[in-house]
Student: 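Please see the structure below; I have some questions.
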Amino acid sequence: MIDVYMEYFEHPYLFSLFPITLFLFAIGFAAQTAGLVKAAGFLGLYAMVTIILFVLGYTGFYSLRYGGRALRWWRKQQSAEY
């Protein structure tokens, strides 16, 4: 299964946070309908933390990729001048 993720996504372990988030939201919704408000609140909080980690992780990976490309371009431009 991880091979399928590797073909479509660059960081499959980070992307695995997405199904975990959906699972936490579903359990939180079920707890809310069952009347367990405190448990639903904590599950919602944990789901929001996984979303934040997901967004920060991919932002970091893409900014590093862009920074690497910009650095390679800059080095190429600097070497062409001399």
Student: Please determine whether the number of non-hydrogen atoms from other residues, nucleotides or ligands lying under 6.0 Å from atom OH of Y46 exceeds 12.
Tutor: no
Student: Calculate, to the nearest 0.5 Å, the distance between atoms CD1 and OG1 belonging to I52 and T59 respectively.
Tutor: 11.5 Å
Student: Hey, any chance L53 and F61 share a hydrophobic cluster, counting ILVMFWY side chains that come within less than 4.5 Å of each other, even indirectly?
Tutor: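 Yes.
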Student: Search all heavy atoms of G28 against all heavy atoms of A40 and return the closest pair with its distance.
Tutor: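 Looking at all heavy atoms of both residues, the closest pair is O-CB, 3.4 Å.
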Student: What about M48 and L56, same hydrophobic cluster or not, with Ile/Leu/Val/Met/Phe/Trp/Tyr joined at side-chain heavy-atom distances under 4.5 Å?
Tutor: no
Student: Is L71 reachable from W73 through a run of I, L, V, M, F, W or Y residues, each pair having side-chain heavy atoms under 4.5 Å apart?
Tutor: yes
Student: Output the distance between atom CG (L43) and atom CZ (F25), rounded to the nearest 0.5 Å.
Tutor: 10.0 Å
Student: Please report whether the ring centroid of Y58 lies less than 6.0 Å from that of F54.
Tutor: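 Yes: the rings meet the under 6.0 Å criterion.
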